[in-house]
> 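Questions regarding the structure given below will be posed in turn.
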Amino acid sequence: MTLDPVVLFFLLGVGARLARSDLRLPDALYETLSIYLLLAIGLKGGVELARQDLWSLLPVAFTAFLLSATIPLIAFPLLRGPVGLPRADAASIAAHYGSVSVVTFAVAQSVLARAGVEAPPEFAVLVAIMEAPGIVVGILLARGLSGGQGPAAGWGVLLHDALFGKAVYLLLGGLLIGALVGEAGMAPLRPLFGDLFRGALALFLLEMGLVAGGRLGDLRRAGPRLVAFGLLAPLLFGAIGLGAGLALGLGAGGVTLLATLAASASYIAAPAAMRVAVPEANPALSIGAALGVTFPFNVTIGVGLYLWLAQRLTS
Amino acid sequence: MTLDPVVLFFLLGVGARLARSDLRLPDALYETLSIYLLLAIGLKGGVELARQDLWSLLPVAFTAFLLSATIPLIAFPLLRGPVGLPRADAASIAAHYGSVSVVTFAVAQSVLARAGVEAPPEFAVLVAIMEAPGIVVGILLARGLSGGQGPAAGWGVLLHDALFGKAVYLLLGGLLIGALVGEAGMAPLRPLFGDLFRGALALFLLEMGLVAGGRLGDLRRAGPRLVAFGLLAPLLFGAIGLGAGLALGLGAGGVTLLATLAASASYIAAPAAMRVAVPEANPALSIGAALGVTFPFNVTIGVGLYLWLAQRLTS
Amino acid sequence: MTLDPVVLFFLLGVGARLARSDLRLPDALYETLSIYLLLAIGLKGGVELARQDLWSLLPVAFTAFLLSATIPLIAFPLLRGPVGLPRADAASIAAHYGSVSVVTFAVAQSVLARAGVEAPPEFAVLVAIMEAPGIVVGILLARGLSGGQGPAAGWGVLLHDALFGKAVYLLLGGLLIGALVGEAGMAPLRPLFGDLFRGALALFLLEMGLVAGGRLGDLRRAGPRLVAFGLLAPLLFGAIGLGAGLALGLGAGGVTLLATLAASASYIAAPAAMRVAVPEANPALSIGAALGVTFPFNVTIGVGLYLWLAQRLTS
Amino acid sequence: MEKHPRKLLVVITEAAIEKAVVQDARRLGAHGYTASAVRGGGLQGEREGAWEADRSVELKIVCGRDTAERIAEHLLAAYAPHYAMTVWLADVQVFRAEKF
Amino acid sequence: MEKHPRKLLVVITEAAIEKAVVQDARRLGAHGYTASAVRGGGLQGEREGAWEADRSVELKIVCGRDTAERIAEHLLAAYAPHYAMTVWLADVQVFRAEKF
Amino acid sequence: MEKHPRKLLVVITEAAIEKAVVQDARRLGAHGYTASAVRGGGLQGEREGAWEADRSVELKIVCGRDTAERIAEHLLAAYAPHYAMTVWLADVQVFRAEKF
Ligand SMILES: Nc1ncnc2c1ncn2[C@@H]1O[C@H](COP(=O)(O)O)[C@@H](O)[C@H]1O
Ligand SMILES: Nc1ncnc2c1ncn2[C@@H]1O[C@H](COP(=O)(O)O)[C@@H](O)[C@H]1O
Ligand SMILES: Nc1ncnc2c1ncn2[C@@H]1O[C@H](COP(=O)(O)O)[C@@H](O)[C@H]1O
Ligand code: NA
Ligand code: NA
Ligand code: NA
């Protein structure tokens with residue numbers, strides 16, 4: 001199987017940094033693409049969501065919530081012990097892995113589409129559900145035990161930012177609009193939000209490659225143990241997500257998406273939240289691991305692996 | 001009838017502001033979308049225009065011109081008297097309502113398309129025709145009587161800016177190119193300027209929602225009488241436009257478009273022009289009314305109402 | 001034959017400047033479109049390249065390389081003698097004409113598509129091949145003889161920038177990805193990188209028109225002899241490219257593309273490189289000629305002429 | 001290298017009047033200017049720059065003391081009553097006296 | 001026109017804390033501020049602004065000397081230990097004393 | 001908190017040489033810099049920043065007096081003859097002496 005072209009764009013971005021090319025994407029394009037991807041994923045999911053019996057989604061939604069809240073509790077001791085990081089850093093990184101990466105989710109959708117495996121688009125709602133719990137648990141890990149005071153910025157602010165931060169807001173907004181207008185109502189928006197999706201994802205991955213390639217220096221400073229964590233964490237958390245998906249009786253597509261979400265680490269919502277909530281954590285470490293190791297691993301190898309396993313284990 | 005998804009995007013933007021979300025669209029996206037919409041509307045109109053007997057359009061063009069020049073004369077005494085504003089503010093707001101909103105026009109086209117009502121695309125030329133007269137009359141109202149001196153920036157500058165300002169220039173440029181290349185020549189540009197139109201309009205309305213939502217504070221300061229004006233003005237001027245359309249014997253689509261143009265208030269050309277020509281007018285008032293009240297009213301209720309009436313009265 | 005709409009967009013941009021319109025395209029749009037065009041041209045070429053016997057392309061690749069290296073040697077004495085420019089300026093301008101303009105290439109593809117003439121998309125690789133040699137020769141002309149010291153910034157830096165500068169990097173990256181994933185793999189990216197190409201090119205030409213229109217003042221200062229050079233150079237170098245294409249036995253499409261590349265002058269890679277390598281050259285002269293004269297000439301008249309000649313001479 | 005005292009005039013105002021302000025400054029003796037897009041907040045409320053009417057620009061002009069004061073006084077008289085505008089002066093040193 | 005001495009406080013820091021810094025400055029007496037997007041490099045490495053976590057902002061605040069020092073000291077104490085931050089003061093002259 | 005006098009060096013020049021200028025400044029002793037995109041006009045005409053060759057950048061460097069003058073003199077000698085460039089110095093006060 002050849003690589004998804006979308007992944008090749010990521011490598012093209014990394015390569016540009018390694019080759020010290022002057023290639024940069026304008027900030028506005030980066031922002032536009034991330035707004036677009038969130039809306040597009042939401043709209044598509046919403047159309048599907050309106051067709052579903054919402055109650056039937058409850059088990060997987062609840063599982064996803066639990067996964068996001070539990071993963072930091074597993075990651076934290078690993079980061080404290082074997083990796084040997086201070087509390088604040090360990091908690092911050094744990095939060096990143098509890099939360100999720102919407103672009104990794106989009107890549108998984110793309111990989112499933114290429115493989116001809118049905119991917120439930122309504123799982124987009126899981127991205128919104130899994131964004132915040134991991135972050136909250138991460139903050140608790142950093143703060144709760146070290147004297148009991150709350151996060152630097154106050155819980156109210158953080159909760160608000162988690163719910164109304166642009167990522168969750170656009171995703172939920174897209175879901176809602178998609179559900180309200182349905183398949184037929186969406187038709188005039190499809191050329192933009194449907195047909196262009198894969199191309200836009202490719203461009204965004206080019207940008208992610210540029211960003212990730214620029215963090216490789218952070219990685220060197222972070223040391224080999226954090227790099228190892230960045231490679232093993234998606235395997236471990238992906239396996240947990242995979243198991244949860246199988247236990248819920250999902251199809252191969254659903255299992256793959258759940259495994260991918262569990263395996264993915266946030267690099268949009270979590271960095272912003274942790275920067276404000278746990279200022280003493282070094283962002284170079286968490287971003288280096290999430291964006292420099294885990295994200296590339298997932299998009300190049302991980303997602304394909306989860307799909308392969310899901311197909312073996314569901315048939 | 002469910003809401004047009006395009007309108008839901010506007011509400012999503014307003015909601016983001018009310019919920020104090022950090023959602024912002026990059027400036028460059030806003031500018032790009034407004035350039036795109038103007039060109040797309042122009043190109044589509046131009047292709048149609050080339051097919052028409054231009055003389056047959058003269059009556060509606062002349063009517064549109066008169067509407068734009070007359071509406072400020074009706075608005076001004078209402079704003080001076082019942083609303084109780086100083087001369088400069090009343091004149092500035094009157095100019096906004098004499099001029100037109102190209103995005104409201106685009107929403108009307110979208111609503112007509114959804115309703116399966118034929119909308120004459122060549123009416124795009126009316127947008128260009130109606131942009132400037134209202135502004136000129138507004139400036140005369142502010143200046144002409146208060147000592148007879150011209151606008152702060154000189155008539156020459158203002159006239160030039162009205163004709164070659166980017167809105168009118170792009171619209172006329174699009175009309176011209178569309179007319180020159182015709183249906184067949186436009187084919188290779190259709191994927192960008194045709195198929196993506198509704199999606200781009202949705203994104204632009206998301207941005208307009210963000211901007212309008214951010215002006216709600218201005219409204220509170222402006223007071224309830226200006227808000228009432230912002231709600232009644234589109235009904236009044238829309239009715240005049242509707243009557244004019246019926247008198248001209250237009251079809252339901254044409255009547256709706258003319259009513260919409262009359263009912264709409266400018267928030268691109270007019271604010272810029274009035275800022276320069278009548279500096280002593282408070283822009284928060286005119287923009288608050290035009291963008292905070294009339295625009296939302298038109299896109300959510302007004303346009304549908306004009307269409308409903310147009311269908312009743314033309315059949 | 002009516003003008004290609006794409007060319008009308010260029011004229012619209014020039015007109016905006018001449019009319020002193022406030023129309024500006026956001027920087028980010030300009031950058032996004034140039035990244036997009038390079039990738040799109042590369043991807044399309046790459047898909048085709050993978051289908052070809054690479055050896056069979058060698059002659060035309062080698063010819064293209066030679067053309068790019070030779071053209072400055074012809075341009076330089078013309079610019080020194082008849083045009084009467086100092087060495088640094090003559091060398092810098094010569095470099096611009098040795099290098100190529102990817103947008104002119106794209107316009108030629110568009111013209112060929114409209115005319116129903118088959119255009120070999122794999123010729124995109126020639127754009128990458130012809131970018132650097134002309135620049136290197138231009139620097140040698142400026143430096144080599146005037147004391148023998150290297151370019152101001154060092155050869156290493158310049159060579160690196162030529163190979164990994166964003167233009168060549170994106171073009172080669174697109175070619176590589178296109179070749180790796182092939183026709184089928186590209187399918188999901190086609191709505192963005194294929195269908196929208198002509199529309200995006202039109203927008204980019206609008207921007208180029210704005211830029212070119214803004215350089216007309218430079219032209220006046222540059223004097224009529226440089227303007228004459230800007231008009232004759234594409235005819236001369238286009239004829240050489242045409243001859244080379246005929247000698248290689250290419251079809252009408254291939255001949256037209258090679259002539260266009262030879263006739264075109266760089267206004268992205270070359271200006272940047274010459275600014276750093278030959279700082280004492282006045283950039284207003286080279287950009288005025290390349291962008292103010294030769295580019296407009298090529299897109300409005302030149303390309304059509306090369307095609308007309310190519311059709312006559314290959315049939 | 002010798003240094004020469006000059007004034008830096010900073011003007012933050014609405015993008016709508018940038019052209020007019022630059023023209024006035026040139027007329028009153030400025031040899032150059034530098035402009036950049038800014039956001040901000042002051043007496044007239046927040047200016048976020050999200051759309052045309054809300055955009056602000058910061059203009060920097062280095063020139064002689066008299067020129068700087070002349071420009072500042074003109075701008076404050078002509079524009080400050082009706083436009084969002086902030087103006088300040090600072091002392092700077094330049095190397096090429098003839099340029100400013 | 002009479003000129004009044006004031007301080008210009010310049011703060012370059014991570015975009016993530018812009019809102020908090022502006023709020024603090026207002027609370028401590030600033031009447032206004034101007035913000036613009038910047039890139040740069042310092043002790044904490046390069047900040048290119050390519051994406052969210054990497055964005056920097058430059059804030060300028062003109063105010064009285066005491067206010068400026070109060071704000072600067074607060075920011076340095078509250079944020080500098082954990083955030084990329086650069087702070088300096090400069091002397092400026094303003095014309096409308098009551099505005100700053 | 002104690003304040004320390006430093007120099008602010010402002011350099012406005014073509015974006016094409018930003019990298020080179022920053023490298024030179026670092027080599028000559030700057031510990032950091034801040035860059036932002038600007039437009040402007042001066043002796044070499046208008047630079048609107050509409051495309052690559054027309055882009056300008058403003059660099060700010062806070063450092064000691066000697067370093068600032070060394071950098072300024074080097075830049076003026078190396079680049080000003082052939083590039084659009086404007087340079088000035090201003091006095092600023094910093095709080096963390098060791099940082100600059
Ligand atoms: N004290 C201040 N310090 C820095 N910038 C200011 C200050 N006051 C106002 N500004 C800027 O000047 C613009 C107009 O100010 P104003 O006219 O007070 O609303 C604001 O949007 C800010 O960008
Ligand atoms: N010496 C300096 N001069 C100008 N700006 C600086 C300087 N040092 C740092 N900065 C700016 O302040 C930001 C944070 O600095 P730092 O905390 O030293 O990494 C940098 O990214 C630069 O934008
Ligand atoms: N007097 C001035 N005040 C402020 N900025 C200036 C001044 N002169 C020139 N500049 C800036 O420096 C750039 C290069 O100047 P120049 O080399 O004179 O063309 C211009 O594009 C402006 O951005
Ligand atoms: Na996760
Ligand atoms: Na109207
Ligand atoms: Na050439």
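Computed from a predicted model, the values in this text were never measured in an experiment. Per chain, numbering begins at 1; letters A, B, ... match sequence-line order.
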> For E:I17 and A:R275, run side chain to side chain contact (heavy atoms under 4.5 Å, CB included): C-alpha distance rounded to whole Å, both residues' side-chain angles, the deciding distance at 0.1 Å, then the answer.
CA-CA 9 Å; E:I17 56 169; A:R275 203 74 199 92; 5.8 Å; no
> Less than 4.5 Å to any heavy atom of chain A: does that hold for the side chain of E:E48, its backbone, both, or neither?
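For E:E48, the side chain is the part near chain A, not the backbone.
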> Near E:K19 NZ, under 6.0 Å, is it more than 12 heavy atoms from other residues, nucleotides or ligands?
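Open: at most 12 neighbouring heavy atoms sit under 6.0 Å from NZ of E:K19.
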> Please state whether the side chain, the backbone, both or neither of E:Q44 comes within less than 4.5 Å of a heavy atom of chain A.
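Contact with chain A: none, neither part.
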> Answer with side chain, backbone, both or neither: which region of A:R215 has an atom nearer than 4.5 Å to a non-hydrogen atom of chain E?
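A:R215 touches chain E through side-chain heavy atoms alone.
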> Heavy-atom cut-off 4.5 Å, strictly under: side chain, backbone, both or neither for A:L25 against chain E?
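For A:L25, no heavy atom lies under 4.5 Å from chain E.
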> Name the region of A:L29, side chain, backbone, both or neither, that has any atom closer than 4.5 Å to a heavy atom of chain E.
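Interface part for A:L29: neither.
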> May I ask you to list the residues in residues 14-24 of chain A that approach chain E closer than 4.5 angstrom, counting heavy atoms only, ordered by number?
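Residues of residues 14-24 of chain A touching chain E at under 4.5 Å: A:R17, A:R24.
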> Given 3.5 Å as the limit, does a donor-acceptor pair link the side chain of A:Y267 with the main chain of E:A53, or not?
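Between the backbone of E:A53 and the side chain of A:Y267 there is no qualifying donor-acceptor contact (under 3.5 Å).
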> Show the atom names and distances, to 0.1 Å, of all donor-acceptor pairs under 3.5 Å that link a side chain in residues 71-82 of chain E to residues at least two apart or in another chain.
from	atom 1	to	atom 2	distance (Å)
E:E73	OE2	F:M1	N	2.8
E:H74	NE2	E:D24	OD2	2.8
E:Y79	OH	E:D24	OD2	2.8

